[in-house]
Amino acid sequence: TETNGDMEAAVDWLRTKGLAKAAKKSGRTAAEGLVAVVVDGGKGVAVEVNSETDFVGKNAEFQEMVGGIAKTALGVSDIEALKAADMGGKTVEAVITDKIATVGENMSVRRMAALEGDTV
């Protein structure tokens, strides 16, 4: 065993290994994915999250993650603020990195657009 039975060290080792996998995949093209739209009151946002294949875009976990990112986007003004925004105790960027390590495909928040008005 890599960590000699130390469970805490094992969790850290697995996390590091997952981040290394995500870093290796970052150069791969992510041109498929999903667009989520959320409207709340007088504000609406559309967020595009890309993956490498359409199979990931059809995955329920990926769809749930994208929906959560769109809800988070309601509270920010641009893509950089979205990537740094808190989503369940982690930044959106960290949530995506964790999903890359789990799924094995590169993913990215490509763009977002917000709209405010009386009738959205």
Side-chain angles (χ1 to χ4, degrees):
T1 66
E2 294 285 331
T3 60
N4 299 321
D6 183 349
M7 291 303 284
E8 192 125 338
V11 169
D12 288 339
W13 181 80
L14 286 170
R15 185 174 292 122
T16 303
K17 189 174 180 182
L19 293 175
K21 277 185 178 180
K24 286 181 186 176
K25 295 174 186 345
S26 68
R28 298 184 348 196
T29 302
E32 300 294 328
L34 195 63
V35 174
V37 177
V38 176
V39 176
D40 185 28
K43 184 172 184 178
V45 294
V47 177
E48 178 182 354
V49 180
N50 290 118
S51 62
E52 290 181 48
T53 65
D54 63 336
F55 297 109
V56 171
K58 295 174 184 175
N59 178 291
E61 285 183 33
F62 180 77
Q63 292 174 358
E64 184 180 324
M65 179 190 75
V66 175
I69 291 171
K71 289 176 186 169
T72 303
L74 282 169
V76 299
S77 59
D78 61 35
I79 194 81
E80 293 307 316
L82 176 58
K83 289 178 183 179
D86 179 69
M87 185 175 154
K90 297 180 180 180
T91 64
V92 168
E93 196 160 35
V95 169
I96 289 175
T97 301
D98 289 350
K99 191 60 74 178
I100 291 169
T102 304
V103 173
E105 283 196 16
N106 189 26
M107 298 174 201
S108 64
V109 178
R110 180 153 183 243
R111 56 186 158 190
M112 72 169 270
L115 181 67
E116 291 187 58
D118 294 335
T119 55
V120 177

Hey, what do you get for [atom1] ([X]) to [atom2] ([Y]), rounding to the nearest 0.5 Å?
{"X": "Ile96", "Y": "Met107", "atom1": "CD1", "atom2": "CE", "result": "8.5 Å"}
{"X": "Asn106", "Y": "Thr97", "atom1": "CG", "atom2": "OG1", "result": "9.5 Å"}
{"X": "Arg110", "Y": "Ser51", "atom1": "CZ", "atom2": "OG", "result": "12.5 Å"}
{"X": "Met65", "Y": "Met87", "atom1": "CE", "atom2": "CE", "result": "7.0 Å"}
{"X": "Met112", "Y": "Glu80", "atom1": "CE", "atom2": "CD", "result": "11.5 Å"}

Could you report the tightest heavy-atom contact between [X] and [Y], atom names first, then the distance?
{"X": "Gln63", "Y": "Lys58", "result": "NE2-O, 3.4 Å"}
{"X": "Val38", "Y": "Ala70", "result": "CG2-CB, 3.5 Å"}
{"X": "Thr91", "Y": "Lys83", "result": "CB-O, 3.6 Å"}
{"X": "Leu82", "Y": "Ile69", "result": "CD1-O, 3.8 Å"}
{"X": "Val35", "Y": "Ala46", "result": "CG1-CB, 4.4 Å"}
{"X": "Ala85", "Y": "Thr72", "result": "CB-CG2, 3.6 Å"}

When you measure from the side chain of [X] to the backbone N and O of [Y], does any donor-acceptor pair fall under 3.5 Å?
{"X": "Glu105", "Y": "Glu52", "answer": "yes"}
{"X": "Asn50", "Y": "Glu32", "answer": "yes"}
{"X": "Lys43", "Y": "Leu74", "answer": "yes"}

Practice prompt. Tell me, with the steps shown, if Leu34 and Phe62 meet side-chain contact (heavy atoms from CB on, under 4.5 Å).
Written response: CA-CA 9 Å; Leu34 195 63; Phe62 180 77; 3.8 Å; yes
